[in-house]
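Inspection log for the structure reproduced underneath, given as structure tokens.
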Protein chains: 2
Amino acid sequence: MSSVTEKKTRMPSDERRELVLAAATTVFGDTGYAGTTTDAVARASGVSQPYVVRMFGTKEQLFLEVLHRALDKLDTAFRAAIAGDPEVGIERRLGLAYFELTADRGILLCLMHAFALGADPVIGTAARCGFMDVYRLLRDESGMSGQQAADFLAGGMLANVVLGLRLFDDYDTEPAVQELLGTVFPEKLDIIRRSHPPLTPSGPSRTAAPGR
Amino acid sequence: MSSVTEKKTRMPSDERRELVLAAATTVFGDTGYAGTTTDAVARASGVSQPYVVRMFGTKEQLFLEVLHRALDKLDTAFRAAIAGDPEVGIERRLGLAYFELTADRGILLCLMHAFALGADPVIGTAARCGFMDVYRLLRDESGMSGQQAADFLAGGMLANVVLGLRLFDDYDTEPAVQELLGTVFPEKLDIIRRSHPPLTPSGPSRTAAPGR
DNA sequence: CGTCGTTGTAATCATCCGATTACCTATTCG
DNA sequence: CGAATAGGTAATCGGATGATTACAACGACG
């Protein structure tokens, strides 16, 4: 079995940690917090299940790190947009920043899953704080009014739902889906579409790793 | 132990079934599909765990029934709003209908959970169909344009997130929360607030039932 | 009354899954 | 080199959980 990426030398642990976090983001995004097993994260990362647990201590803490990472990326993207070219309207700048985030489904889907778990004492608290931080960022540093910020957030939430529902999978067969997606993503629709290929029954094959 | 609702006579099974569905809606809303156990649903319903399974066959089928019930209530409420007083603008009529639905957190939260599970072959399919049915209803039978319908949906999604996050719990302590909620729920804010009391650490005590 | 379908439960099973333990291997440092 | 530390896995455990089975209580009907 000669994989192309076969390595004799060991990967630095920081790098491996980030790799696991990225894989965990994808898996948690697809199956939610309670619905994903640490083993699934391990397989998606190419490491063993006990190692995932030992790296993060707990599945809950792993999810919290995934959540913080996602919120960080959102924060970074929005701040860059706010500091961007003032010739372009702020809403469009933010919208384009959001579009770039959709390239990684997991980031936005993990946020949605967290936003639906407000009743959880730990995850809910973190999610509330993160959400309000985003709102405050939009309202206080983008020059938007509270109403504008809320409207922008609302559009983002609809976009998240569209991603979570995998509506793109029905784009070709459902006219109403085409119309809706056209208004939710008025720009770059074809690009987003290409980065969200339909889910084949067997799933888009990632690198296979032996089971538990 | 003389409970007030102590009954000698047996409850009709249709009624009991609806009771279990309502309880399941609340529990699934709080902890999501994968995160809730059939035992939790049973305890919230006051019946035994095996009975819940036997009534619905499978946890998955139970959730599907909960989902359909929620979509039905949404459909019914929106159709009533569409047929309502034309003196009032359609958006306000629909908004008020949505407000009434918030009285039962579970309905909207179950929808959100389902909307985030698009990758699930069974639940995802049902969720996509239900969501698009709602969109088509708004676009085709309310007189709204596709853009209006999408905007209304976006506002609804933000409202759902606000409910899922339990932002009302922080209303008194966070000024930004007050401002945001004021713009998300421009009407009846105090009424919604009263129907969404903060979650005490031990949880708002429902009727206790013996564990498994 | 007796029997039969319906409504419901207690006990239990088989599986899954997060976590722990014990162990192995690479790398660093004296 | 040789010991020590960090990176990593195989094996396994214990509890949770969805589902099944066997059985009990109720109620209608002859």
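Keep in mind that the numbers below use all heavy atoms, side chains included, and drop hydrogens, waters and symmetry copies. Below, chain A is the first sequence line, B the second, and so on; all start at residue 1. All of these numbers come straight from a predicted model, not from anything done at the bench.
Here C:dT9 presents its C1' atom at 16 Å from CZ of B:Arg43, a figure rounded to the nearest Å. One atom, CD of A:Gln61, and another, P of C:dG18, lie 14 Å apart when rounded to the nearest Å. Rounded to whole Å, atom C1' of D:dT17 lies 12 Å from atom OH of B:Tyr33. What separates CG of B:Asp14 from P of C:dG8 is a distance of 11 Å, to the nearest Å. As a whole-Å value, the separation of A:Glu15 CD from D:dG8 P is 11 Å.
Residue A:Arg16 has its side chain nearest to D:dG8 when only D:dG8, C:dT9, D:dG18 are considered. Of the candidates C:dG18, D:dA19, D:dG8, C:dG18 carries the atom nearest the A:Lys59 side chain, counting heavy atoms from C-beta on. The listed nucleotides are D:dT9, D:dG18, C:dA19; the one nearest the side chain of B:Thr37 is D:dG18.
Shortest non-hydrogen contact noted between B:Ala81 and B:Leu94 is CB-CD2, 4.0 Å.
If you check residues 49-56 of chain B against DNA chain C, the residues with a heavy atom closer than 4.0 Å are B:Pro50, B:Tyr51, B:Arg54, listed by number.
Relative ring orientation between B:His196 and B:Phe168 is described as parallel, the plane-to-plane angle staying below 30° on a 0-90° scale split at 30° and 60°.
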side-chain hydrogen bond (donor to acceptor under 3.5 Å, both in side chains) assessment of A:Asn160 paired with A:Tyr98 | CA-CA 10 Å; A:Asn160 289 350; A:Tyr98 205 84; 2.5 Å; yes
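Residue pairs meeting the side-chain hydrogen bond (donor to acceptor under 3.5 Å, both in side chains) criterion with at least one member in residues 180-195 of chain B, sequence neighbours excluded: B:Arg92-B:Glu187.
Of the possible donor and acceptor atoms, one in the side chain of A:Gln178 sits under 3.5 Å from a partner among the backbone N and O of A:Tyr171.
With rounding to the nearest 0.5 angstrom, the CZ atom of A:Arg16 is 7.5 Å from the CE atom of A:Met55.
Between A:Thr38 and C:dC17 there is no side-chain polar atom (N or O) within less than 4.0 angstrom of OP1 or OP2.
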